[in-house]
Student: 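The following block contains the structure, expressed as structure tokens.
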Amino acid sequence: MLRKFVTLYRHIIDEERKYPDATGELSDLLADIALACKVISLEVNRAGLIDLMGVTGTENVHGEQVKKLDEYAHDTLVRAMEVSGHLCAIASEESEDYIPVNEKFMGERPLSKYIIHFDPLDGSSNIDANISIGTIFSIYKRKSESGPGTLEDCLQQGTNQVAAGYIIYGSSTIMVYTTGRGVHGFTLDPTVGEFLLFYENIKIPKRSKTYSINEGNYTKWSEGLRKYVDDLKSDNKAAGRPYSARYVGSLVADFHRNLLYGGLFMYPGDTKNPNGKLRLLYEANPLAFIVEQAGGRASSGSQRILEIVPLNLHQKTPLFIGSEEDVVEAEKYLKMK
Ligand code: P6P
């Protein structure tokens, strides 16, 4: 079956036309992100050849080894976002503070009405092993009136997102995004350099047979979580068990598989890290927006991810995300003490 030849830009413009008061700024911004990620994709695919593999010898704000590609992805995105003219602030996993951006104008009309959070290259610890990695982004409208963006502009609840998405650099480069009207996926055709529509209005199965969690942390989990995962592995056919375990250790890869096939991804808090490892603003929130738009669910185990009020740019949250009925079931076990 010949799929519709719809480029990402054509799709974004068609979506924009559904909003009568749209100025086209968000469309431009999404196109700028896609362009930056095409450039990143080129380097990810060539990294081994042009010595971008390995580490820079520096550490990021979290004390993690910065891989050369991490730095490259961060710099590429910041440069693309700064020239876009549509942002008043940029926040990145790779920088401790947000980057305020001076307001730009089109004639008298002020631009720069958005702020963006991104994880420039999530899963980067897997780069040298050629495992799929990804860029995750989350876009909000500014709350401040004018001038460079403020920290308050950056610390908004996930329910305020106007767009979110990820780009996964794997056997092919795929971009998945939402602007609140469904979730749509595009595959990069490197011969023409265009993202072509491949998955329109993605819906995640309500129930799955797959769970994703790092079981190496089992002894540090709560009693309820241990009971839940033990149950998932039990030989109880009437309850649809056992589930299959699938865990890549690269969030975008695990999430993308579960979005398409169904599944439950868990990165819980534990006795060593009560809030888990993943970050609210540039990992949990964008993926939560996407999964809810696809009919799934995302919670901290006790609270809807999108309703968490952020207190700082890099705050962590436990994350249970994926097929709705599986997340609900996990929440029931987590309530057991
Ligand atoms: P662990 C990769 O380092 C990452 O940030 C996510 O992409 C991934 O889901 C998670 O950490 C894996 O963490 O502790 O299981 O190795």
Side-chain angles (χ1 to χ4, degrees), residues 37 40 44 47 53-56 58-71 73-74 91-95 117-138 164-170 173-174 176 210-222 225-226 229 245-261 263-288 290-291 296 298-301 305 313-322 327 330:
C37 292
I40 293 167
V44 167
M53 303 291 257
V55 294
T56 58
T58 60
E59 288 187 344
N60 64 15
V61 294
H62 317 297
E64 297 162 342
Q65 278 292 332
V66 175
K67 296 268 184 175
K68 293 178 183 174
L69 270 174
D70 267 11
E71 207 167 276
H74 169 82
S92 166
E93 182 191 36
E94 295 299 331
S95 57
H117 290 276
F118 52 70
D119 184 349
L121 209 55
D122 179 79
S124 54
S125 52
N126 295 295
I127 289 174
D128 299 351
N130 200 27
I131 289 169
S132 298
I133 53 183
T135 298
I136 311 171
F137 65 88
S138 170
Y166 60 87
I167 293 82
I168 182 168
Y169 310 104
T173 297
I174 288 173
V176 174
T210 301
Y211 73 100
S212 310
I213 192 168
N214 181 343
E215 299 214 35
N217 297 321
Y218 182 88
T219 58
K220 299 195 286 287
W221 296 345
S222 69
L225 180 58
R226 286 204 295 265
V229 174
R246 293 287 182 275
Y247 193 71
V248 177
S250 180
L251 174 60
V252 179
D254 280 314
F255 178 83
H256 186 65
R257 181 201 57 246
N258 291 349
L259 180 70
L260 297 185
Y261 300 158
L264 169 62
F265 175 92
M266 299 177 271
Y267 208 105
D270 61 29
T271 50
K272 187 173 168 221
N273 299 297
N275 288 316
K277 172 182 185 181
L278 301 179
R279 311 288 174 168
L280 173 65
L281 287 171
Y282 41 79
E283 290 172 332
N285 265 341
L287 298 185
I290 290 169
V291 87
S299 104
S300 64
I305 289 289
L313 291 174
H314 301 290
Q315 80 181 59
K316 298 176 182 176
T317 175
L319 180 62
F320 296 79
I321 188 168
V327 177

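Along the sequence shown, residues are numbered consecutively beginning with 1. Counting starts at 1 for both ligands and their atoms, in listed order.
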Student: According to the interplanar angle, ranging from 0 to 90°, do the rings of Tyr166 and Phe255 count as parallel (below 30°), tilted (30 to 60°) or perpendicular (above 60°)?
Tutor: perpendicular

Student: Just by distance, with hydrogens left out, do Arg279 and His62 show a side-chain donor and acceptor under 3.5 Å apart?
Tutor: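 A pair is found: one side chain offers a donor N or O, the other an acceptor, under 3.5 Å apart.
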
Student: If you count every heavy atom of other residues, nucleotides or ligands that lies below 6.0 Å from Asn130 atom CG, does the total exceed 12?
Tutor: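 No, CG of Asn130 has 12 or fewer neighbouring heavy atoms, counting only those of other groups under 6.0 Å.
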
Student: Listed by chain and number, what are the salt bridge (Lys or Arg N to Asp or Glu O under 4.0 Å) partners of Asp119, not counting sequence neighbours?
Tutor: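 Per chain and number, Asp119 pairs via salt bridge (Lys or Arg N to Asp or Glu O under 4.0 Å) with no residue.
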
Student: Considering only N or O atoms, set out every pair between ligand 1 and the protein closer than 3.5 Å, with distances to one decimal place.
Tutor:
unit_1   : atom_1 : unit_2 : atom_2 : d
ligand 1 : 7 (O)  : Asp122 : OD1    : 3.4
ligand 1 : 7 (O)  : Asp122 : OD2    : 2.6
ligand 1 : 7 (O)  : Leu251 : N      : 2.8
ligand 1 : 9 (O)  : Leu251 : N      : 3.3
ligand 1 : 11 (O) : Lys277 : NZ     : 3.0
ligand 1 : 13 (O) : Lys277 : NZ     : 3.1
ligand 1 : 14 (O) : Tyr267 : OH     : 2.6
ligand 1 : 15 (O) : Asn214 : ND2    : 2.9
ligand 1 : 15 (O) : Tyr247 : OH     : 2.5

Student: Taking only residues two or more places apart in sequence or in another chain, which ones pass salt bridge (Lys or Arg N to Asp or Glu O under 4.0 Å) with Glu215?
Tutor: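 Testing Glu215 for salt bridge (Lys or Arg N to Asp or Glu O under 4.0 Å), a comparison that skips the adjacent residues, returns Lys233.
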
Student: Tell me every residue that passes side-chain hydrogen bond (donor to acceptor under 3.5 Å, both in side chains) with Arg246, counting only those two or more places apart in sequence or in another chain.
Tutor: none

